[in-house]
2 protein chains.
Amino acid sequence: MQLITVPDDVYNRRIRRFESACRDNGLKMTHQRMVIFRDLARSTDHPSAEMVHGRVRRDIPTISLDTVYRTLTTFEKCGLIFRVQAEAGQARYDAGLEPHHHFVCTECKTIYDFVWSEFERVALPDAAGNIGHVQEKQAVLKGICRKCLDRAGSH
Amino acid sequence: MQLITVPDDVYNRRIRRFESACRDNGLKMTHQRMVIFRDLARSTDHPSAEMVHGRVRRDIPTISLDTVYRTLTTFEKCGLIFRVQAEAGQARYDAGLEPHHHFVCTECKTIYDFVWSEFERVALPDAAGNIGHVQEKQAVLKGICRKCLDRAGSH
DNA sequence: GTACGTGCAAAAATTTTGCTTTAAT
DNA sequence: ATTAAAGCAAAATTTTTGCACGTAC
């Protein structure tokens, strides 16, 4: 379930980016793609293909899971969304393009976003540049989230 | 195939750590576990379960893939090895305990290690501490490795 | 009208599990 | 002798694919 939602201005920016990305990549504007992207653009929970499928079925009850898989892969190739580095069994997706990082709870597998402007300012070591051409850099934290800590502490 | 190998002193340190971790966790010292751990301790290629299976079969031709899966999971629970944040379809493992980070080539899926001492020195933002208790922090880079860049450039 | 996208079903790939046999302590 | 681990086979889970039909441009 999705409690926190994305602010309107961020959501609208994402939708506009989606529309231009479709045009630029020659993607047809299908009902399925719009509904799937709208769900992602509003999401803060880094949903898996199955989570997206479950939610978009409210709008398109006949949509198939493989369409969701194909669509997510397509969006990823266009740079519209990212696969999250979280290896929680299933691939998880994120429509947030603003630089941010992830805290993965090893207990409940929830993925939390956080910003870390200090990180953005630190230069990569030479070692990294020697390996190849860096396109994306991100920090990943693992730990136990507050919710799980509280649950464990209460008995 | 494995080109670079781990220096002897690092390898020996890992093996000693393995032996004490088995004692501490009440794990029996089976032939399979030793062979699997030795392979990981020598590895620099962040192998998947299947890669490990393929290699340890040289020593134990009858070893089954599910034993490898079970053993890797066991080692991970003991903190002897880590699952790498790389979502390359399969889970990838790493026996390196010294702080290091990963560069994942989006082309060939190779995972390269690098050290980044500057990163270790930067304090986490308050936002991260508010989410929960951080147990592990790491940077993940994505990009195209030199090998793939060269291959693409040569035609 | 044409090319691309979707739905369906089936398969592929990866990982997990129940049960029996084997081996370590 | 006990108890954990290995091996086998089967299942569960996640993701991909071929083909026929439908839809956006």
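Order of the sequence lines sets the chain letters (A, B, ...), proteins ahead of strands, with each chain counted from 1.
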Between CD of A:Gln90 and P of C:dT15 the distance, given in whole Å, is 13 Å
I'd like to know if A:Arg70 reaches the base of D:dG18 with its side chain such that a donor and an acceptor end up less than 3.5 angstrom apart. yes
Ranking B:Ser48 and A:Ile63 by the position along DNA chain C of their nearest nucleotide, the one closer to 5' is A:Ile63
Identify whether any heavy atom of A:Ala49 sits under 4.0 Å from a base atom; if not, whether one sits that close to sugar-phosphate; answer base, sugar-phosphate or nothing. nothing
For a quick test of reading the model: is some side-chain N or O of A:Tyr69 closer than 4.0 Å to OP1 or OP2 of D:dT15?
yes
Rounded to whole Å, the CE-P distance (A:Met34 to C:dG5) equals 14 Å
Quick note, A:Thr71 side chain, CB onward, closest among C:dT6, C:dT17, D:dA6 is C:dT6
From CG of B:Leu65 across to C1' of D:dA10 the rounded distance in Å is 14 Å
* To do: State whether A:Gln32 places a side-chain N or O below 4.0 Å from either non-bridging phosphate oxygen (OP1 or OP2) of C:dG7.
  => yes
Side-chain contact check for A:Met29: nearest option of D:dA24, D:dG7, D:dA5 is D:dA24
Separation of C:dT14 atom P from B:Lys109 atom NZ, nearest Å, is 13 Å
Taking the inter-plane angle between the rings of B:Phe37 and B:Phe75 on a 0 to 90° scale, is it parallel (under 30°), tilted (30 to 60°) or perpendicular (over 60°)?
perpendicular
With a non-hydrogen cut-off below 4.0 angstrom, is B:Arg33 in contact with a base, only sugar-phosphate, or nothing?
sugar-phosphate
Among D:dA4, C:dA9, C:dA3, the one nearest any side-chain atom of A:Lys28 is C:dA3
Separation between CE (A:Met34) and NE2 (A:His31), nearest 0.5 Å, reads 6.0 Å
Separation of D:dT15 atom C1' from A:Tyr93 atom OH, nearest Å, is 9 Å
field: Short side-chain N/O contact to C:dG7 OP1/OP2 from A:Ser64, under 4.0 Å
entry: yes
To the nearest 0.5 Å, atom OG of A:Ser64 lies from atom CD of A:Gln32 at 8.5 Å
inquiry  = Measuring centre to centre across the rings, with the benzene-like ring taken for any Trp, is B:Phe114 within less than 6.0 Å of B:Phe103?
reply    = no
message = One thing to verify: whether A:Arg121 and B:Glu118 come together as a salt bridge, which I'm taking to mean a side-chain N less than 4.0 angstrom from a carboxylate O.
response = no
By nearest-heavy-atom nucleotide on DNA chain C, the more 5' of B:Ala91 and B:Leu27 is B:Ala91
Distance col, row A:Arg42:CZ vs A:Ile15:CD1, nearest 0.5 angstrom, shows 7.5 Å
Atom CD of A:Glu19 and atom P of D:dA24 are separated, to the nearest Å, by 16 Å
B:Lys77 NZ to D:dA5 C1', in whole Å, measures 13 Å
Exercise for review: Would you kindly check whether a donor in the side chain of B:Asp66 faces an acceptor in the base of D:dA6, or vice versa, at under 3.5 angstrom?
Suggested key: no
Phosphate-side-chain proximity, B:Thr30 and D:dA5, N/O vs OP1/OP2 below 4.0 Å: no
From CZ of A:Arg92 across to C1' of D:dT14 the rounded distance in Å is 14 Å
